[in-house]
Protein chains: 2
Amino acid sequence: MDRPELPLPQLHAFVVLAEELHFGHAATRLGIAQPPLSQQIRRLEDKVGHELFTRAPGHVALTPAGRELLPAARRALTDLADGLAAARAVGSGRAGRLRIGFAASLALTVLPGLLRTFRDQSPGVHLDIHEMTTAPQIAALHDKSIDIGLLREPPTDETELGFRTVLSEPFVAVLPSAHPLAAQRTVRLAQLADSPFVLLPRTAGPTLHDQIVGLCTAAGFTPRMVQHAVEWQTVCALVETGLGVSVAPASIRRIRLKGVAFRRIEPGTARTRVAVAWRANDSNPLVNRLLAAISQDPPNRPR
Amino acid sequence: MDRPELPLPQLHAFVVLAEELHFGHAATRLGIAQPPLSQQIRRLEDKVGHELFTRAPGHVALTPAGRELLPAARRALTDLADGLAAARAVGSGRAGRLRIGFAASLALTVLPGLLRTFRDQSPGVHLDIHEMTTAPQIAALHDKSIDIGLLREPPTDETELGFRTVLSEPFVAVLPSAHPLAAQRTVRLAQLADSPFVLLPRTAGPTLHDQIVGLCTAAGFTPRMVQHAVEWQTVCALVETGLGVSVAPASIRRIRLKGVAFRRIEPGTARTRVAVAWRANDSNPLVNRLLAAISQDPPNRPR
DNA sequence: GCGATCCATACGCCCAGAGATATCAGACCA
DNA sequence: TGGTCTGATATCTCTGGGCGTATGGATCGC
């Protein structure tokens, strides 16, 4: 690509004159006097090396060379105007694309409100949402395949990522309706000691997994795993079949299955945090806009 | 169309930097020092209103806004470079389009050589050739639907057109082979006084028509028209059928029909001129190139 | 900790070009 | 023939920006 030879102001004058075919009118449209316009055209013709207009008195017309240059000039000007507008829209966060990873358990709680709030504020922004568990979200943030993560139990050793807790919720026991404990309003964790467990695999989200196992350990037993499933939806389905019980964040109450009962765990002091995560050095203004949307409309309780 | 906000040199620098993603290398490619490049980018970012690159030490990358602007900038630059090259090619006569009207009788004589010469000199030029008689050529030159005319007997009262004679040729008698006069090597015009005539209609080319009729009148008779035809080819075909005789420019000897004889007219003083015609005020360089091609390769005798 | 690398900043030079006003020249019309 | 319209020319001003050199500051690798 060579260095540009034709200044844009002259091309603009050229295009306008080509439309008006009248120096006086074109100058008026350009907001300048007529002599400067004559100069602009003259300079442009000097650079092109050929006349672009024939000036018969009372009749200005394009030469073949001018006819050849006109569409290119027009395209260049509109391209730049459009490109500039688009760049400004993206730069100011009025448009663009934001890739969001989210934990499946949030699909029914924090995610809908967040998306609605953000879309209202930034209707021009395209949102790509990808369901993924915590660990893949961290990796995806690092390799820049997502810009925002909505995840559980953020790791504490991530210096390049920012985290902000958006929700703190207790745990619930997930029981088949037929389970004896389902008759109680609340459940103490130790009562689950003998039941087989269904949980997410540790690789999906080690922190949350360790937290749940830790709770059981504190209650005096080691949970006996019979099955792993990568989505809470699946966990509930497995519980429904009577395969086992589970312990899960309260959000999953939103998953309504006939044969599954959710029971508050006593004491309810242990809580799991849902956080939004982003690259600390991300200059994309949409990231900050989304964080602002979260602050403005905090989903601070499980609904 | 608004006045352009982004200077092209800055956009050029932007595009190069977006390709190199390295200020030093980009500056070298642009042939300038590094600080000026930093300034260019800075000024461009000021005008856009947003950063276009993230400058992490050792790692320059486009922002979303920059990614949005880049294709538009690239398109604009290539469009202008291409448009400028095309305009220069057209302006210098290396490319473009030339519309030529020509009399059908020249299709076998002056036209082929002229086209060959011109195409050799200006291979990039597209030639539109249109067969038409003299009067329509004059009209087409005036309304600019052709740029060049090749016609017979140019009118003398056309101030806005330029003419140059390219060929002066005698007349021949066109006879059926069976005609008694076909036995002679030459024919005196008065010998045709009793034969019916086939000619082009006067509207096709009044000057040539009047000239032929004038020759007959000078020879002491008024030709008796039995048929008009708008092409010499047709005239010859009609003569072949024995419908009549004709008087035509010698060029039409090139039309070879078994049953038609061409005979020199004695005395051969009367000649018809073939001229090239153009708009005197036409600034199209291709017109002058074509005129130059004619001067260089004069088709000065009927072949 | 010490260069090396890389980009930003500061400052100065200089010119192309965009703008204005005043004036001229040709064509056309009354 | 003189007025009008149109575009060109002449001349001046001013500023944006393109480029240079010198220097500062941050990060990285050894």
Side-chain angles (χ1 to χ4, degrees), chain A residues 2-49 51-63 66 73 77 80 159-160 280-281 283, chain B residues 2-48 50-63 66 73 77 80 159-160 280-281 283:
Chain A
D2 288 340
R3 77 192 309 119
E5 298 182 56
L6 308 180
L8 281 186
Q10 293 172 15
L11 288 167
H12 183 213
F14 166 64
V15 169
V16 171
L17 179 58
E19 286 168 359
E20 298 287 336
L21 292 179
H22 187 292
F23 278 75
H25 299 168
T28 304
R29 236 182 80 183
L30 289 165
I32 62 175
Q34 169 261 319
L37 175 59
S38 286
Q39 288 180 4
Q40 300 258 48
I41 300 300
R42 179 71 124 111
R43 271 193 290 269
L44 186 61
E45 287 174 331
D46 285 349
K47 290 192 177 153
V48 172
E51 299 227 313
L52 299 171
F53 293 96
T54 58
R55 287 89 148 167
H59 197 68
V60 175
L62 278 170
T63 63
L77 290 173
L80 285 183
T159 57
E160 293 180 13
N281 67 354
S283 64
Chain B
D2 288 340
R3 76 192 306 122
E5 299 182 57
L6 308 180
L8 280 186
Q10 292 174 15
L11 288 166
H12 184 213
F14 165 65
V15 170
V16 171
L17 180 57
E19 287 169 359
E20 297 288 336
L21 292 180
H22 186 291
F23 278 74
H25 300 168
T28 304
R29 234 181 82 183
L30 289 165
I32 62 176
Q34 168 262 317
L37 174 59
S38 287
Q39 290 179 3
Q40 301 258 45
I41 300 299
R42 178 72 124 113
R43 271 194 289 269
L44 185 61
E45 287 175 331
D46 286 348
K47 291 195 173 149
V48 171
H50 304 281
E51 298 228 314
L52 298 172
F53 293 95
T54 58
R55 286 89 148 169
H59 197 67
V60 175
L62 278 169
T63 63
L77 289 173
L80 285 183
T159 57
E160 294 181 11
N281 66 353
S283 63

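Quick note on labels: first sequence line is chain A, next is B, and so on, each numbered from 1.
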Does OP1 or OP2 of [N] have a side-chain N or O of [X] closer than 4.0 Å?
{"X": "His59(A)", "N": "dA27(C)", "answer": "no"}
{"X": "Arg55(A)", "N": "dG26(C)", "answer": "no"}
{"X": "Lys47(B)", "N": "dG17(D)", "answer": "yes"}

DNA chain C contacts made by residues 32-42 of chain A, counting heavy atoms under 4.0 Å: Ile32(A), Ala33(A), Pro35(A), Pro36(A), Gln39(A), Gln40(A)

How close do Ala73(A) and Leu11(A) get, counting heavy atoms only, and between which atoms? CB-CD2, 4.0 Å

Shortest non-hydrogen separation from Ala26(B) to Leu37(B) and the atoms involved: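 Where Ala26(B) meets Leu37(B) most closely, the heavy atoms are CB-CD2, 3.7 Å.
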
Over how many whole Å does the gap from [X] atom [atom1] to [N] atom [atom2] extend?
{"X": "Leu17(B)", "N": "dC6(C)", "atom1": "CG", "atom2": "P", "result": "14 Å"}
{"X": "Glu160(A)", "N": "dT27(D)", "atom1": "CD", "atom2": "P", "result": "14 Å"}
{"X": "Asp46(A)", "N": "dG17(C)", "atom1": "CG", "atom2": "C1'", "result": "13 Å"}
{"X": "Leu30(B)", "N": "dG20(D)", "atom1": "CG", "atom2": "P", "result": "11 Å"}
{"X": "Arg43(B)", "N": "dT9(C)", "atom1": "CZ", "atom2": "P", "result": "13 Å"}
{"X": "Phe23(A)", "N": "dC24(C)", "atom1": "CZ", "atom2": "P", "result": "21 Å"}
{"X": "Leu8(B)", "N": "dG16(D)", "atom1": "CG", "atom2": "P", "result": "19 Å"}
{"X": "Leu21(B)", "N": "dC6(C)", "atom1": "CG", "atom2": "P", "result": "14 Å"}

Could you measure the distance from the CD1 atom of Ile41(B) to the CG atom of Leu52(B)? Nearest 0.5 Å is fine. 7.5 Å

Once rounded to the nearest 0.5 Å, what's the spacing between atom CD of Glu45(B) and atom CD of Gln10(B)?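 The CD atom of Glu45(B) sits 10.5 Å away from the CD atom of Gln10(B).
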
Could you run through DNA chain C and flag its stems, i.e. three or more consecutive Watson-Crick or G-U pairs with both distances under 3.5 Å?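 For DNA chain C the paired stretches long enough to count as stems (3 pairs minimum) are C:1-30 with D:1-30.
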
Partners passing side chain to side chain contact (heavy atoms under 4.5 Å, CB included) against Pro35(B) (at least two apart in sequence or in another chain): Ala33(B)

Side chain proximity check, [X] to [Y], heavy atoms < 4.5 angstrom:
{"X": "Pro7(A)", "Y": "Gln40(A)", "result": "no"}
{"X": "Val15(B)", "Y": "Glu19(B)", "result": "yes"}
{"X": "Phe53(B)", "Y": "Leu62(B)", "result": "yes"}

Checking Gln34(A) side chain against Ala27(A) main chain: does a donor-acceptor pair fall under 3.5 Å?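 No: the side chain of Gln34(A) does not pair with the backbone of Ala27(A).
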
